Number of protein chains: 2
Amino acid sequence: MQLKHFSDISAAATRVVDAAERLIQVHGYNGFSYDDISREIGIKKPSIHHHFATKAELVRIVIQRYTDTFRGALNAIEISDSGAIARLFGYVDLFSQTYEKDQRLCVCGMLGAEVKSLSEAAAQEVQSFFQMNLDWLTKIIRNGSQSGELRFTSSSPEAHAYALLSTLEGAMIVGRGLAINNAPALAGRTYISNLPA
Amino acid sequence: MQLKHFSDISAAATRVVDAAERLIQVHGYNGFSYDDISREIGIKKPSIHHHFATKAELVRIVIQRYTDTFRGALNAIEISDSGAIARLFGYVDLFSQTYEKDQRLCVCGMLGAEVKSLSEAAAQEVQSFFQMNLDWLTKIIRNGSQSGELRFTSSSPEAHAYALLSTLEGAMIVGRGLAINNAPALAGRTYISNLPA
DNA sequence: GTCTATACTGAGATAGAC
DNA sequence: GTCTATCTCAGTATAGAC
């Protein structure tokens with residue numbers, strides 16, 4: 001079947017996606033129901049099914065929109081900040097801002113853990129999110145290395161991109177388990193502190 | 001009520017815990033049921049309830065045993081490996097070994113993401129696991145710094161411990177989303193590559 | 001686009017026999 | 001310690017009226 005794109009959805013459907021996104025970030029895919037959304041935004045379960053026939057389809061749209069918003073934020077960092085360190089700090093801030101809202105997780109961090117419960121299409125969207133992040137980080141780190149702003153010896157820009165993304169996703173999870181307030185900033189800035197020339 | 005300790009359980013109960021542990025690592029707390037365990041080990045649901053009255057209690061025991069096993073592994077590393085780098089590589093291997101089994105996650109990485117769905121007692125056990133890891137890593141990293149084997153400037157041993165644990169927990173999740181084989185080893189070794197003097 | 005009503009399934013859990 | 005039978009509730013989803 002032909003899958004919808006998130007930008008096509010109505011105002012009412014947008015409210016459903018907003019609620020689903022928040023519920024995923026707090027409770028995970030297997031931890032929320034249409035009933036939870038119903039209570040949160042004040043429309044009944046069948047109305048939600050009218051907008052999103054299945055939970056799998058709803059989640060796919062949530063991830064798609066989340067990834068698109070994140071892409072915009074990455075572009076904004078490149079415009080507002082110059083230099084690798086400043087841009088990496090801006091990147092860390094994206095995760096901090098999410099976590100500061102009631103210790104919400106990255107949508108794809110949560111769904112990455114639950115990926116074996118997702119539809120094939122949703123799992124694909126999670127993969128796209130991670131790949132987009134790795135591509136961007138690799139570019140920033142490679143440029144910083146070539147300009148001399150960053151210095152690292154044995155590992156590649158790709159490896160540092162993967163390690164930094166992992167650090168931030170993990171910091172949110174460990175931070176929540178330990179009830180740490182500024183978890184992503186703490187771990188992310190520590191990682192970056194290893195890289196300056 | 002008086003809570004049980006994992007070391008008190010019978011052989012049949014141990015098989016239940018084994019299955020629950022694996023199911024948590026693959027599907028998460030909200031992603032498995034007593035029925036799944038039933039199918040896996042061939043006893044009926046009420047028999048499982050006989051051993052563990054509630055799912056919350058079962059999960060608490062799973063975490064408790066997992067933490068105890070991990071504690072033993074940390075001690076074994078200190079005996080078999082000398083030097084901070086070797087011990088940190090041994091630590092990374094613990095996560096690699098878990099991930100190599102069908103891309104299983106760390107029990108507490110998964111449950112940390114789902115911590116808002118857990119009982120208070122289970123959440124406490126997750127916290128204890130993370131704290132044990134941070135204490136051990138901090139000790140190893142501080143010793144390595146004092147001996148001159150490790151070198152880092154702006155961050156503390158505590159901060160590096162937190163960042164390295166986060167990196168490994170995150171690497172498993174991102175790695176699974178991207179279907180990367182040696183995810184924890186890749187990210188963990190990259191992190192450690194930043195630290196040698 | 002939203003509703004009431006309802007189907008169907010699976011979940012966690014209990015009663016009581018063996 | 002394990003079983004059959006059953007309870008109750010929540011979950012996803014559909015039918016059909018407004």
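It should be emphasised that the depicted structure is a prediction, and the values quoted were computed from it without experimental measurement. Here is the naming used below: chain letters follow the sequence lines, and residue numbers restart at 1 for every chain.
- Of all heavy-atom pairs spanning Thr138(B) and Ala161(B), the tightest one is OG1-CB, 3.3 Å.
- Taking the ring pair (Phe, Tyr, Trp, His ring centres under 6.0 Å) definition, one finds that Phe89(A) meets it with nothing, sequence neighbours left out.
- In this structure, His51(A) atom NE2 and dT12(D) atom P are separated by 17 Å, rounded to whole Å.
- No side-chain heavy atom of Ile140(A) sits less than 4.5 Å from a side-chain heavy atom of Tyr91(A).
- Of all non-hydrogen atoms in Asp36(B) and Phe32(B), the two that sit nearest each other are OD2-CA, 3.3 Å.
- Going from atom CD of Glu57(A) over to atom P of dT14(D) covers 13 Å, rounded to whole Å.
- The stretch residues 22-33 of chain B touches DNA chain C through Phe32(B), Ser33(B), each having a heavy atom under 4.0 angstrom from the strand.
- The stretch residues 5-20 of chain A comes close to DNA chain C through Ser10(A), Ala12(A), each having a heavy atom under 4.0 Å from the strand.
- Under the salt bridge (charged side-chain N to carboxylate O under 4.0 Å, His left out) criterion, Glu100(A) pairs with no residue at all, not counting sequence neighbours.
- Ser47(B) has no side-chain polar atom (N or O) that falls below the 4.0 Å cut-off from OP1 or OP2 of dG1(D).
- Open room surrounds NZ on Lys44(B); 12 or fewer heavy atoms of other groups in view lie less than 6.0 Å from it.
- Between His50(A) and dT14(D), a side-chain N or O to OP1/OP2 separation shorter than 4.0 Å is absent.
- Close placement of the Phe95(A) and Phe70(A) rings is indicated, their centers lying within 6.0 Å of each other.
- Taking atom NZ on Lys44(A) and atom P on dT12(D), their separation rounds to 16 Å, with Å as the unit.
- The side chain of Ile43(A) sits closest to dT2(C) out of dT2(C), dG1(D), dC3(D).
- Residues Gln64(A) and Asp68(A) have side chains that never bring a donor and an acceptor to within less than 3.5 angstrom of each other.
- Between Tyr66(A) and Phe129(A), the ring planes lie tilted relative to each other; the angle falls in the 30° to 60° range.
- Take His50(A) and apply the ring pair (Phe, Tyr, Trp, His ring centres under 6.0 Å) test, not counting sequence neighbours, and it matches no residue.
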How would you summarise protein contacts on nucleotides 13-18 of chain C per nucleotide, using B for base, S for sugar-phosphate only and - for none, with heavy-atom distances below 4.0 Å? BBB---
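- No donor-acceptor distance shorter than 3.5 angstrom exists from the side chain of Ser38(B) to the backbone of Tyr34(B), with no hydrogens or angles considered.
- Atom CG in Leu58(A) sits roughly 10 Å away from atom P in dA13(D) (whole-Å rounding).
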